[in-house]
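Proteins come first, then strands; the chains are lettered A, B, ... in the order of their sequence lines, and each starts at number 1.
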Amino acid sequence: NAGVMQNPRHLVRRRGQEARLRCSPMKGHSHVYWYRQLPEEGLKFMVYLQKENIIDESGMPKERFSAEFPKEGPSILRIQQVVRGDSAAYFCASSPIGGRNNQPQHFGDGTRLSIL
Amino acid sequence: AQSVAQPEDQVNVAEGNPLTVKCTYSVSGNPYLFWYVQYPNRGLQFLLKYITGDNLVKGSYGFEAEFNKSQTSFHLKKPSALVSDSALYFCAVRDGGDDKIIFGKGTRLHILP
């Protein structure tokens, strides 16, 4: 499967625990975007990363959330000390070159995070 | 700041009839516009984009969209709807000077058999 792979598809955590969401971009793609989707709402941009660099994190909450895209391995979205309001679907998208080149983003099927 | 509006939460169309899903946008620079479709429990799939050139853009599955600069709109259309077109549709915009894409809230399309 050459598409964007996200795992796990479903993740359940208790309040105060940590959530780690993984995203492997399409082969050959070096640009990754994370979005959050709340029920009956659109996608909210969180962060845009290139290999080993955060390009734009203007949509990421300042506390508890972090993202990385190491030289080797998947991109990770990490949420520390989760709260009920973090329950959402988190989508990762990738593109071969940067956003300003207008290549469409290819999306994974998302991770649905539920906080008990 | 850029923004995109989808004024209809839901659109119902009878199978075989033409469909339109509305989208308006606001950017400070040149707009780059996209339509995506989302099926249940899946990620978004790219349908079409407008960057420059002809105002009528053709995309996947028989969909097309018309860019109207004066009305700042980019409505999605299809001449004859199929039941399988039922899904959630998102319009998105990127301002020419920005990296990220901003998505609308989505419009749920129901095609009635």
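A/Q6 does not touch chain B: none of its heavy atoms, backbone or side chain, sits under 4.5 Å away. B/Y36 touches chain A through its side chain: at least one heavy atom from C-beta onward sits under 4.5 Å away, while N, CA, C and O do not. In this structure, chain A has heavy atoms under 4.5 Å from both the backbone and the side chain of B/I101. Contact of B/Q6 with chain A is not made at all, since no heavy-atom distance falls under 4.5 Å.
Taking both residues in full, the closest heavy atoms of B/K78 and B/Y61 are given as NZ-O, 3.0 Å, listed atom of the first, atom of the second, then distance. In this structure, B/K22 and B/P7 approach most closely via the heavy-atom pair O-CD, 3.7 Å. B/D85 and B/I111 make their closest contact through CB-CG1, 4.0 Å (heavy atoms, listed as atom of the first residue, atom of the second, distance).
Ranked by heavy-atom pairs under 4.5 Å with chain A, the list B/D95, B/I51, B/D9 is led by B/I51. If you tally non-hydrogen atom pairs under 4.5 Å between each of B/R42, B/Q45, B/R108 and chain A, the highest count goes to B/R42.
Remark: A/R78 engages A/E18 in a salt bridge, criterion side-chain N to carboxylate O under 4.0 Å. A salt bridge links A/R64 with A/D86: the distance from a Lys NZ or Arg NE/NH1/NH2 to an Asp or Glu carboxylate oxygen falls below 4.0 Å.
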